[in-house]
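As a basis for the values below, the full set of heavy atoms in this structure was taken, side chains included, without hydrogen atoms, waters or symmetry mates. Along the sequence shown, the residues carry numbers beginning at 1.
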Amino acid sequence: MEPNEKELTQEESLRIIHEMISAAKNDVKADAFIFLLWGWLVFIASIAQFILINMDVEWNSIPWMLMPLGGIITAIYVFRKAKHEKVKTHVSEFLKYTWIAFGAAMAIIMFFHQWGSSQILPIIMTLYGIGLFISGGALKFIPLILGGIFCWLCAIAAFKIDGIYQLLIIAAAVFGGYIVPGYLLQMNNKK
């Protein structure tokens, strides 16, 4: 031990451990909000576009304008959370970089894919599955892992189906992958 280092008392050690556990629990609670936010936004946008297409509305993709709103809400939420965060855990840092990579991949796909391609939604569902599976593993939360697998199964189905029915499949994917696990995560945090 160095001359300037102070040996921690048992109470100080327990307080530090308690703060670390609280920080980890808060990370999980925050993730429930993000999963629910994005799950509901994508669910609403995909169902709304499906309905608008069936009504022959020319600007049927307008519901997807919810996504920039979701990005703004997420940025504000994450910024506020970071200001109040006392301790950063390895899990929170790992998940932060996982979802930054997810966002970068989504941006690349959305800006550089061939418009009119019927494969964009299955590719997005595949990415959803990756993010959820990794998050579930990092948080040791089985419903998110299963949600990721469900998104992959939905992606397989969507690759086999062309047209507007892929919108219903992506709605199912986010319902089973984001919304249900998000509520289970929220309930788990209240215990």
Trace of the side chain to side chain contact (heavy atoms under 4.5 Å, CB included) decision for Leu185 with Leu36 = CA-CA 10 Å; Leu185 194 55; Leu36 290 169; over 6 Å; no

inquiry  = I'd like to check the ring pair (Phe, Tyr, Trp, His ring centres under 6.0 Å) partners of Phe43; sequence neighbours left out, ordered by chain and number.
reply    =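 Once residues adjacent in sequence are excluded, the partners of Phe43 under the ring pair (Phe, Tyr, Trp, His ring centres under 6.0 Å) criterion are Trp40, Phe175.
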
[Y] and [X], any side-chain heavy atoms less than 4.5 Å apart:
X	Y	result
Leu167	Ile47	no
Thr98	Ile130	no
Ile34	Tyr77	yes

When rounded to the nearest 0.5 angstrom, what distance separates [atom1] in [X] from [atom2] in [Y]?
X	Y	atom1	atom2	answer
Trp38	Ile73	CH2	CD1	8.5 Å
Ile161	Cys154	CD1	SG	10.0 Å
Ile124	Gln166	CD1	CD	10.0 Å
Ile120	Ile170	CD1	CD1	9.5 Å
Met106	Ile123	CE	CD1	10.5 Å
Leu121	Tyr165	CG	OH	15.0 Å

query = Under the side chain to side chain contact (heavy atoms under 4.5 Å, CB included) criterion, do Tyr183 and Phe35 qualify, and how do the steps go?
reply = CA-CA 9 Å; Tyr183 281 118; Phe35 290 126; over 6 Å; no

Under 3.5 Å, which donor-acceptor pairs link side chains of residues 134-143 to any protein atom two or more places apart or in another chain?
residue: Ser135; atom: OG; partner: Trp99; partner atom: NE1; Å: 2.7
residue: Ser135; atom: OG; partner: Gly131; partner atom: O; Å: 2.8

ask   = If you look at every heavy atom in Ala32 and Gly182, which pair is closest and at what distance?
value = CB-O, 3.8 Å

hydrophobic_cluster_shared for Met187 and Tyr178, side chain cutoff 4.5 Å =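 Yes, because Tyr178 and Met187 connect within a single hydrophobic cluster, where side-chain heavy atoms sit under 4.5 Å apart.
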
Which atom pairs, donor and acceptor, lie under 3.5 Å between side-chain atoms of residues 50-72 and protein residues at least two apart or in another chain?
residue: Asn54; atom: ND2; partner: Phe50; partner atom: O; Å: 3.0
residue: Asn60; atom: OD1; partner: Gln49; partner atom: NE2; Å: 2.9
residue: Asn60; atom: ND2; partner: Val57; partner atom: O; Å: 3.3
residue: Trp64; atom: NE1; partner: Gln49; partner atom: OE1; Å: 2.6

With a 3.5 Å cut-off and sequence neighbours excluded, list the donor-acceptor pairs that the side chains of residues 144-152 form with protein atoms.
residue: Trp152; atom: NE1; partner: Thr126; partner atom: O; Å: 3.2

